[in-house]
Amino acid sequence: NSLGHAKDRSNGSGIMSGVLAFANSTVQWLAVQPSVAKPLVYVASFELVQEFSLQLRGQREVPPELLIQVLLSVLLAYLIGLLLFPKVRLATWATWYFWVSGDKKTRKPSPNQVDFKAPRCKRMKVVFIRHGESEWNAVFNKGSKLTMPFRLVRALISEAFMFFNQTDSLFIDSPLSNVGIDQAVELLTFLAAQPAGCIRPDMCKLPVSQLHQTDIVAIMRGDAGKSYIVSSILRRAISTGLMSLSPRLLKTDPDVDQVFLMTSLQEISRNIDTLTLTPAHTLPTIPAMEAASKSTGELMRHFYRTRLDRLYSTGNKTLKQKAIKRQEQFTKWVFDQDGVDLIIVLGHSLWFREFFRSYLPKATTHVAKTTKIVNCGVVAFDLYRDSQVEQIDPDSISEIYGGFEVKGSKKKR
């Protein structure tokens with residue numbers, strides 16, 4: 001037996017030596033090929049490469065064979081990561097999507113003016129709620145540009161520690177930051193503090209243009225009428241809605257009042273933060289920071305388990321699912337709903353702005369076409385359909401909370 005094991009080890013060692021010898025000879029052969037050697041010499045001439053070699057090897061000169069070995073090692077590590085880690089596959093798709101996507105192609109506004117008072121017109125009240133500040137916003141869209149590199153390095157370090165957690169990330173499907181969570185709580189407080197609205201049962205059927213702010217809030221809270229909650233499949237939008245509408249969700253039947261997750265509401269952008277970590281028709285995982293919260297963690301974990309409907313969650317937007325297609329999918333769904341007084345949409349700044357641009361009358365110069373809704377801002381409006389033309393009544397747009405972003409010291413209306 002001992003002789004047999006020794007022989008097996010000897011055979012294994014021989015095979016390994018043969019493989020290494022073959023690999024070494026292949027590297028040597030590649031290094032002398034003109035089509036390979038020329039770019040290698042060019043790369044080896046970079047000051048950064050030579051300095052790196054000096055620090056690691058004590059020599060500035062970088063042989064072509066060494067460069068090939070390094071490149072092949074990196075390629076092998078990448079292929080292993082691609083095979084073992086979903087996050088690596090998603091990052092690869094995100095890179096490809098960034099370069100080839102045409103996601104910003106949106107619907108052009110109709111040149112025809114809809115008669116909002118025509119009997120044949122269908123109408124739906126819609127409320128947009130933008131998510132709170134995300135970790136991506138905190139790094140790239142907040143604070144001084146001079147300190148942005150420091151914020152980025154800190155975020156990259158945090159992301160590195162999360163590498164083996166395939167259901168969480170700061171950059172992919174970026175979650176709410178601490179500020180964003182506070183903003184959602186502030187919105188919750190505002191909604192809960194509003195007085196009773198829709199004191200007459202028939203008021204729920206009236207358009208936004210004929211309702212007071214408190215009437216809209218009453219329907220949002222589930223105090224009056226019938227409303228549906230729909231959300232982007234990205235976690236920052238989901239968490240904002242679950243938090244800010246938690247008083248409603250605590251009193252309504254979980255089997256009846258669900259948050260419908262929709263790929264059609266996924267943000268319009270090529271950036272990696274607009275891609276979800278969650279596969280199609282799968283419940284998302286609550287971000288770790290929100291789950292660990294002592295004050296709201298248990299509640300949010302409960303809502304993530306019991307209040308999300310994944311029927312319309314078809315996974316990440318594809319190259320064919322440009323913004324125009326997602327806009328049309330959403331508006332079709334809206335007008336397929338019968339007996340509903342209000343649709344509450346949990347989503348994103350660019351998606352909302354582009355929706356206003358696409359569905360407001362072409363001649364309208366409303367601020368909604370050019371300015372984002374603030375984080376956790378709430379805006380209501382009436383959406384009409386006349387035959388196959390959908391249009392927003394510009395006079396119905398109402399800033400319920402936060403509204404549109406302020407430019408300078410004056411708020412644009």
Side-chain angles (χ1 to χ4, degrees), residues 87 90-91 94 97-98 103 128-145 147-162 165 167-188 230-245 259 261-263 265-278 284-293 296-297 300 303-304 308 313 316-317 345-354 371-379 401-402 404-405:
K87 195 180 284 187
L90 182 55
Y97 187 85
F98 180 85
D103 191 37
F128 282 169
I129 302 178
R130 184 189 172 189
H131 64 78
E133 180 191 270
S134 68
E135 293 286 2
W136 179 278
N137 296 148
V139 173
F140 296 103
N141 307 122
K142 181 182 177 182
S144 169
K145 291 183 179 179
T147 59
M148 195 272 281
F150 299 100
R151 299 195 300 271
L152 178 58
V153 168
R154 184 175 63 180
L156 288 171
I157 292 172
S158 299
E159 185 71 29
F161 280 105
M162 299 167 71
N165 182 351
T167 61
D168 206 1
S169 170
L170 291 186
F171 293 109
I172 305 174
D173 197 353
S174 185
L176 293 176
S177 66
N178 284 323
V179 171
I181 294 172
D182 290 342
Q183 289 169 339
V185 172
E186 289 168 4
L187 175 56
L188 180 161
V230 298
S231 174
S232 159
I233 58 177
L234 300 178
R235 297 176 300 165
R236 55 189 178 275
I238 297 169
S239 293
T240 298
L242 293 177
M243 176 63 66
S244 61
L245 298 174
V259 177
L261 305 181
M262 294 184 171
T263 295
L265 296 173
Q266 198 168 356
E267 175 65 309
I268 300 172
S269 174
R270 299 178 299 166
N271 291 338
I272 195 171
D273 70 312
T274 69
L275 299 180
T276 181
L277 290 162
T278 308
T285 301
I286 182 173
M289 185 170 65
E290 294 173 32
S293 170
T296 61
M300 291 295 286
F303 284 156
Y304 262 83
L308 303 180
S313 173
N316 272 310
K317 54 189 177 182
V345 185
L346 311 171
H348 310 273
S349 61
L350 295 180
W351 198 102
F352 290 158
R353 189 184 67 189
E354 294 304 322
T371 309
K372 297 177 182 178
I373 298 174
V374 300
N375 287 122
C376 280
V378 182
V379 174
Y401 176 81
F404 297 98
E405 289 183 345

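Contact annotation: the side chain of L346 never approaches that of H131 to less than 4.5 Å [non-hydrogen atoms, C-beta and beyond]. Put simply, the side chain of V185 reaches to within 4.5 Å of the side chain of M243, judged on heavy atoms. Using a 4.5 Å heavy-atom threshold, the side chains of L187 and I129 count as touching. Annotation: side chain of V179 is not in contact with side chain of N375 (no heavy-atom distance under 4.5 Å). Using a 4.5 Å heavy-atom threshold, the side chains of M300 and S293 count as separate. Side-chain atoms of N271 and W136, non-hydrogen and from C-beta on, do get closer than 4.5 Å to each other. You'll find the side chain of M289 stays beyond 4.5 Å of the side chain of P175, heavy atoms only. S239 has its side chain within reach of P287: a pair of non-hydrogen atoms, C-beta onward, lies under 4.5 Å apart.
Between the side chains of S349 and R353, no donor N or O sits under 3.5 Å from an acceptor N or O.
From T240, atom OG1 reaches atom CG of L245 across 10.0 Å, with rounding to the nearest 0.5 Å. To the nearest 0.5 Å, atom CG of residue L277 and atom CD1 of residue I172 are 5.5 Å apart. Taken from NZ in K145 to CZ in R151, the straight-line distance is 11.0 Å, to the nearest 0.5 Å. Within the model, atoms CE of M162 and CD1 of I157 stand 14.0 Å from one another, a figure rounded to the nearest 0.5 Å. The CD1 atom of I233 sits 5.5 Å away from the CG atom of N316 when rounded to the nearest 0.5 Å. Rounding to the nearest 0.5 angstrom, the gap separating the CG atom in L188 from the OG1 atom in T296 is 10.0 Å.
Looking at E133, E135, Q183, K142 one by one, the single match for side-chain hydrogen bond (donor to acceptor under 3.5 Å, both in side chains) with S177 turns out to be E133.
Taking the six-membered ring where the residue is Trp, F171 and F140 present tilted rings, their angle falling between 30° and 60°.
Contact record, T371 with F404: O-CD2, 3.6 Å, taken as the closest heavy-atom pair. Considering all non-hydrogen atoms of both residues, I181 and E290 come closest at CD1-CG, 3.9 Å. Heavy-atom minimum distance, S269 versus L350: CB-CD1, 4.4 Å. Listed here is the closest heavy atom pair of F128 and I373: CB-CD1, 4.1 Å. A pairwise comparison of heavy atoms in S232 and G347 identifies CB-CA, 4.5 Å as the closest pair. Of all heavy-atom pairs spanning N165 and K87, the tightest one is O-NZ, 2.8 Å.
For residues 266-277, the set of pairs meeting the salt bridge (charged side-chain N to carboxylate O under 4.0 Å, His left out) definition, not counting sequence neighbours, comprises R236-D273. The list of salt bridge (charged side-chain N to carboxylate O under 4.0 Å, His left out) pairs with a residue in residues 167-186, not counting sequence neighbours, reads D168-R235, D173-R235.
For T263, the side chain to side chain donor-acceptor pair (under 3.5 Å) partners two or more places apart in sequence, or in a different chain, are T314.
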### Task
Please report the C-alpha distance between Y97 and D103 in whole Å, then the side-chain angles of each, then the deciding distance to 0.1 Å, and finally whether the side chain to side chain contact (heavy atoms under 4.5 Å, CB included) criterion is met.
CA-CA 9 Å; Y97 187 85; D103 191 37; 3.4 Å; yes
